[in-house]
> 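What follows is a structure written as structure tokens; I'll ask about it next.
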Amino acid sequence: MNIHNIPQIKHTESGNFFLLAGPCAIEGEEMALRIAEKLVGITDNLQIPYVFKGSFKKANRSRIDSFSGIGDEKALKILRKVSETFHVPTVTDIHTNEDVAMAAQYVDVLQIPAFLVRQTDLVVAAANTGKVVNLKKGQFMSPESMKHAVQKVLDCHNENVMVTDRGTMFGYQDMIVDFRGIPTMQQYASTVLDVTHSLQQPNQTAGVTGGRPDMIETVAKAGIAVGVDGIFIETHFDPANAKSDGANMLHLDYFEGLMNKLVAIRKTVNAF
């Protein structure tokens with residue numbers, strides 16, 4: 001994938017990694033704009049190519065009473081407003097074929113969740129929109145097997161595809177990142193490291209996913225050091241009260257400090 005093909009993407013000549021970041025879910029307009037304003041300021045200052053991330057709905061919840069969204073069209077309109085307000089591209093998850101055409105009207109990148117990346121009809125529907133497609137590696141899949149998911153998009157005459165590693169299941173309630181998988185998947189497509197989902201602790205008995213946000217900096221630094229093309233991080237100004245994935249999100253107050261460190265590491269890597 002050529003990063004220049006993402007509409008409104010900026011700072012593509014900076015030599016930096018690109019960034020997909022934002023809240024796990026769109027909880028409302030004010031919160032989305034608040035987070036976007038902060039992230040756009042940081043990424044413009046550091047010249048990081050940036051895509052705002054926010055799920056318009058959460059379909060893969062552990063419990064039926066978990067927050068799933070504020071309404072599909074309402075959330076998608078907020079994503080469009082973020083894009084129009086700050087002149088940045090946006091990405092959101094899709095879960096069904098019906099989601100595809102609807103979401104494609106509002107966002108620039110369609111993301112296939114890890115649990116659904118082998119769903120051929122969904123991947124093909126996303127690819128046929130001509131939008132950039134982000135394929136999240138299944139927690140149950142090897143890096144090598146992602147070449148087949150990528151090929152599905154390419155076979156639809158859409159070369160705008162990227163792969164995102166979000167860790168691999170390690171027992172029942174933990175994730176681990178195998179950094180050997182990054183250069184492997186880079187043979188197939190631009191590769192992103194989803195730092196925060198890689199630190200999830202799923203399948204908790206309470207039905208609420210846990211996480212290790214204290215390890216975000218460690219995993220992010222390692223990803224940049226091995227040469228990943230992009231970084232994916234979910235962030236919130238109040239993770240403890242976020243409606244989804246608060247246990248593994250990065251507090252917005254810490255975002256700028258982390259980006260400064262990652263940019264410095266990237267400059268060192270680029271020197272070799």
Side-chain angles (χ1 to χ4, degrees), residues 1 6 18 20 24-25 51 53-62 68 90-104 107-170 172 174-200 202-203 209 219 223 228-234 244-245 248:
M1 183 197 74
I6 302 177
F18 63 92
L20 285 70
C24 178
V51 181
K53 184 271 168 184
S55 296
F56 77 96
K57 70 177 176 183
K58 301 299 295 182
N60 54 339
R61 310 298 287 156
S62 297
S68 60
T90 55
V91 55
T92 199
D93 307 87
I94 51 175
H95 302 86
T96 67
N97 287 20
E98 290 74 22
D99 287 348
V100 175
M102 177 173 58
V107 302
D108 304 291
V109 181
L110 299 175
Q111 181 166 282
I112 309 295
F115 285 127
L116 300 176
V117 75
R118 290 191 59 173
Q119 297 297 107
T120 300
D121 287 350
L122 180 62
V123 173
V124 168
N128 282 336
T129 66
K131 296 281 185 177
V132 176
V133 178
N134 183 22
L135 302 167
K136 301 196 82 173
K137 184 184 81 64
Q139 302 93 319
F140 47 88
M141 293 173 67
S142 70
E144 291 81 3
S145 65
M146 285 301 293
K147 65 183 176 183
H148 304 297
V150 171
Q151 192 61 48
K152 290 176 184 178
V153 179
L154 298 178
D155 285 345
C156 295
H157 308 290
N158 185 346
E159 296 183 353
N160 297 318
V161 58
M162 60 178 120
V163 174
T164 295
D165 192 346
R166 48 94 75 241
T168 301
M169 287 301 299
F170 188 69
Y172 289 117
D174 208 358
M175 310 292 296
I176 192 166
V177 177
D178 181 354
F179 289 97
R180 298 173 300 176
I182 290 174
T184 297
M185 291 188 290
Q186 284 176 319
Q187 298 175 63
Y188 320 133
S190 298
T191 301
V192 178
L193 176 60
D194 180 345
V195 177
T196 46
H197 285 105
S198 295
L199 293 167
Q200 280 186 334
N203 304 320
T209 298
V219 173
V228 76
D229 300 297
I231 290 288
F232 179 114
I233 295 179
E234 289 186 340
S244 178
D245 277 5
N248 53 271

> Taking atom CZ of Phe140 as the centre, report whether more than 12 heavy atoms of other residues, nucleotides or ligands fall under 6.0 Å from it.
yes

> Looking only at non-hydrogen atoms, find the nearest pair between Ala125 and Val100 and report the distance.
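Closest heavy-atom pair between Ala125 and Val100: O-CG1, 3.5 Å.
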
> With a 4.5 Å heavy-atom cut-off, do Phe18 and Val192 have their side chains touching?
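Yes; the side chains approach each other to less than 4.5 Å.
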
> What do you reckon, is CD of Glu159 surrounded by more than 12 foreign heavy atoms closer than 6.0 Å?
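No, the 6.0 Å shell around CD holds no more than 12 heavy atoms from other groups.
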
> Are Thr184 and Glu144 close enough that some pair of their side-chain heavy atoms sits under 4.5 Å apart?
yes

> Can you check whether Asp93 reaches His95 side chain to side chain, under 4.5 Å on heavy atoms?
yes

> Run the side chain to side chain contact (heavy atoms under 4.5 Å, CB included) check on Leu154 and Val161 step by step: do they pass?
CA-CA 8 Å; Leu154 298 178; Val161 58; 4.1 Å; yes

> Taking atom CG of Asp194 and atom OG1 of Thr164, what is their separation to the nearest 0.5 Å?
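These two atoms lie 6.5 Å from each other.
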
> Using the salt bridge (Lys or Arg N to Asp or Glu O under 4.0 Å) rule, take Lys57 and Asp99 through it: C-alpha gap first, then chi angles, then the decisive distance, then the call.
CA-CA 10 Å; Lys57 70 177 176 183; Asp99 287 348; 3.1 Å; yes

> Is there a donor-acceptor pair closer than 3.5 Å between any side-chain N or O of Lys131 and the backbone N or O of Val107?
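Looks like yes, one N/O pair under 3.5 Å.
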
> If you take all heavy atoms of Thr191 and Ile182, which pair is closest and at what distance?
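Residues Thr191 and Ile182, closest heavy atoms: OG1-O, 4.1 Å.
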
> Are the side chains of Met1 and Ile6 in touch, meaning some heavy atoms are under 4.5 Å apart?
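They are in side-chain contact.
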
> Can you check whether Ile231 reaches Leu20 side chain to side chain, under 4.5 Å on heavy atoms?
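No, every pair of side-chain atoms sits at 4.5 Å or beyond.
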
> Hey, could you give me the SG/NZ distance between Cys24 and Lys58, rounded to the nearest 0.5 Å?
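Rounded to the nearest 0.5 Å, the SG-NZ separation comes to 3.5 Å.
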
> On a heavy-atom basis, which atom in Val150 and which in Ala189 lie closest, and how many Å separate them?
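Closest heavy-atom pair between Val150 and Ala189: CG2-CB, 4.1 Å.
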
> Does any non-hydrogen side-chain atom of Val219 lie less than 4.5 Å from one of Leu199?
yes

> State which residue, out of Leu135, Val163, Asp229, fulfils the side chain to side chain contact (heavy atoms under 4.5 Å, CB included) condition with Met185.
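Of the listed options, the one satisfying the test is Val163.
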
> Looking only at heavy atoms, what is the nearest atom pair of Ile94 and Ala103, with distance?
CG2-CB, 3.8 Å

> Given side chains that start at C-beta, do those of Thr168 and Lys137 come closer than 4.5 Å, heavy atoms only?
yes

> Are the side chains of Met169 and Met175 in contact, using a 4.5 Å heavy-atom criterion?
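Yes - at least one pair of side-chain heavy atoms lies under 4.5 Å apart.
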
> Would you name the heavy atoms of Gln111 and Pro113 that are closest together and state the gap between them?
O-CD, 3.4 Å

> To the nearest 0.5 Å, what is the distance between CG on Asn160 and OG1 on Thr129?
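One finds 9.5 Å between CG of Asn160 and OG1 of Thr129.
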
> On the 0 to 90° scale, with breaks at 30° and 60°, tag the His197-Phe232 ring pair as parallel, tilted or perpendicular.
tilted

> What do the steps show when you test Arg118 against Ser145 for side chain to side chain contact (heavy atoms under 4.5 Å, CB included), and what is the final call?
CA-CA 10 Å; Arg118 290 191 59 173; Ser145 65; over 6 Å; no

> In Å, rounded to the nearest 0.5 Å, how long is the span from OG of Ser198 to CG of Asp178?
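Nearest 0.5 Å value for the OG-CG distance: 11.0 Å.
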
> For a quick test of reading the model, state the closest non-hydrogen atom pair linking Asn128 to Cys156 and the distance between them.
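Looks like OD1-CB, 3.4 Å.
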
> Judged by atom type as modelled, is there a donor-acceptor pair below 3.5 Å linking the side chain of Asn248 to the main-chain atoms of Thr196?
yes

> Using modelled atom types only, decide if a donor and an acceptor are shared between the side chain of Lys136 and the backbone of Asp165 within a distance under 3.5 Å.
no

